[in-house]
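These notes are about the structure you will find just below.
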Amino acid sequence: MKKMTIETATVYNPPAHHGCTCMRFHGKEETGASKFWIGQSIFLPGGGADYAYNDNPLEKVYYVIEGEMTVTDDAGTEYVIHQDECISFPPFEGRYLENKSRKPARMLVIINYPEQA
């Protein structure tokens, strides 16, 4: 068992993200996890992430803790994810991500690790 706090979270800078702070609370380095990791991203108004993940074999879940985030899928469909709502992505599904609101948004990020051969 390992307790993690905001003070012990690992700050990281994912590629193609802007206007945000990202922290990982649970993962290989933080807790020794081998199946998935959990992080929190805080997006300022206008912050987000460029198109990504269409070449990524991992499953992803975004859960909005506070505020709202707009997620655009491969087909150009926009989904506004509000507080206490989530969106999931199967492997190889791309997405754009943006905080189009005028308030900061906090989002829980859950991503599995690749299966070990």
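FYI, side chains are in, hydrogens and waters are out, and symmetry mates aren't considered; it's all heavy atoms of this structure. Everything numeric in this text was worked out from a predicted model, so none of it was measured.
For the atom pair NE2 of His26 and CE of Met4, the computed distance is 9.5 Å after rounding to the nearest 0.5 Å. Here the OG1 atom belonging to Thr5 is positioned 10.5 Å from the CE atom belonging to Met23, to the nearest 0.5 angstrom. Rounding to the nearest 0.5 Å gives a distance of 7.5 Å between CG of Asn56 and CZ of Phe92.
Side-chain atoms of Val11 and Cys22, non-hydrogen and from C-beta on, never get closer than 4.5 Å to each other. In this structure, Phe25 and Thr31 have side chains that are not in contact, with every pair of non-hydrogen atoms separated by 4.5 Å or more. Residues Tyr51 and Thr72 have side chains not in contact (no heavy-atom distance under 4.5 Å, counting atoms from C-beta outward). Counting heavy atoms from C-beta on, the side chains of Gln40 and Ile65 come closer than 4.5 Å. Counting only heavy atoms from C-beta outward, the side chains of Asp84 and Tyr63 approach each other to under 4.5 Å.
Between the side chain of Asn99 and the backbone N or O of Gly46, no donor-acceptor pair lies under 3.5 Å. Here the side chain of Lys60 pairs no donor or acceptor atom with the backbone of Pro91 at under 3.5 angstrom. Arg95 places a side-chain N or O within donor-acceptor distance of the main-chain N or O of Asp50, the cut-off being under 3.5 Å. Although no hydrogens or angles enter the test, the distance criterion places no donor-acceptor pair under 3.5 Å between the side chain of Asn112 and the main chain of Lys35.
Heavy atoms only, all atoms of each residue included: Cys86 and Val61 are closest at CB-CG1, 4.3 Å. Considering all non-hydrogen atoms of both residues, Phe43 and His18 come closest at CD2-O, 4.4 Å. Scanning all heavy atoms of the two residues, the minimum distance from Tyr113 to Ala33 falls at CE1-O, 3.8 Å. Scanning both residues, Ser101 and Lys103, for their nearest heavy atoms gives OG-O, 2.9 Å. Taking all atoms of both residues into account, the shortest heavy-atom contact from Tyr53 to Ile111 is OH-CD1, 4.2 Å. Trp37 and Gly27 get closest at one heavy-atom pair: CB-CA, 3.8 Å.
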message: One pair to check against side chain to side chain contact (heavy atoms under 4.5 Å, CB included): Val64 and Glu66. What are the steps and the verdict?
response: CA-CA 6 Å; Val64 175; Glu66 181 179 13; 5.7 Å; no
task: Begin with the C-alpha distance, continue with both residues' side-chain angles, and end with the deciding distance and a verdict on side chain to side chain contact (heavy atoms under 4.5 Å, CB included) for Leu97 and Met107.
output: CA-CA 11 Å; Leu97 186 63; Met107 187 172 74; 3.7 Å; yes
message: Using side chain to side chain contact (heavy atoms under 4.5 Å, CB included), reason through Glu59 and Glu93 one step at a time and then give a plain yes or no.
response: CA-CA 9 Å; Glu59 294 180 77; Glu93 183 170 2; over 6 Å; no
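For Tyr62 and Phe89, the gap between ring centers is short of 6.0 Å.
Hydrophobic cluster membership differs between Ile110 and Ile87, with clusters built from Ile, Leu, Val, Met, Phe, Trp and Tyr side chains linked at under 4.5 angstrom. Hydrophobic cluster membership differs between Tyr12 and Leu108, with clusters built from Ile, Leu, Val, Met, Phe, Trp and Tyr side chains linked at under 4.5 angstrom. The cluster map of Ile, Leu, Val, Met, Phe, Trp and Tyr, joined by side-chain heavy atoms under 4.5 Å apart, puts Tyr79 and Met69 in the same cluster.
Glu68 and Arg102 are not joined by a salt bridge, as no carboxylate oxygen comes within less than 4.0 angstrom of a charged side-chain nitrogen.
Using modelled atom types, one finds no donor on one side chain facing an acceptor on the other under 3.5 Å when comparing Tyr96 with Asp73.
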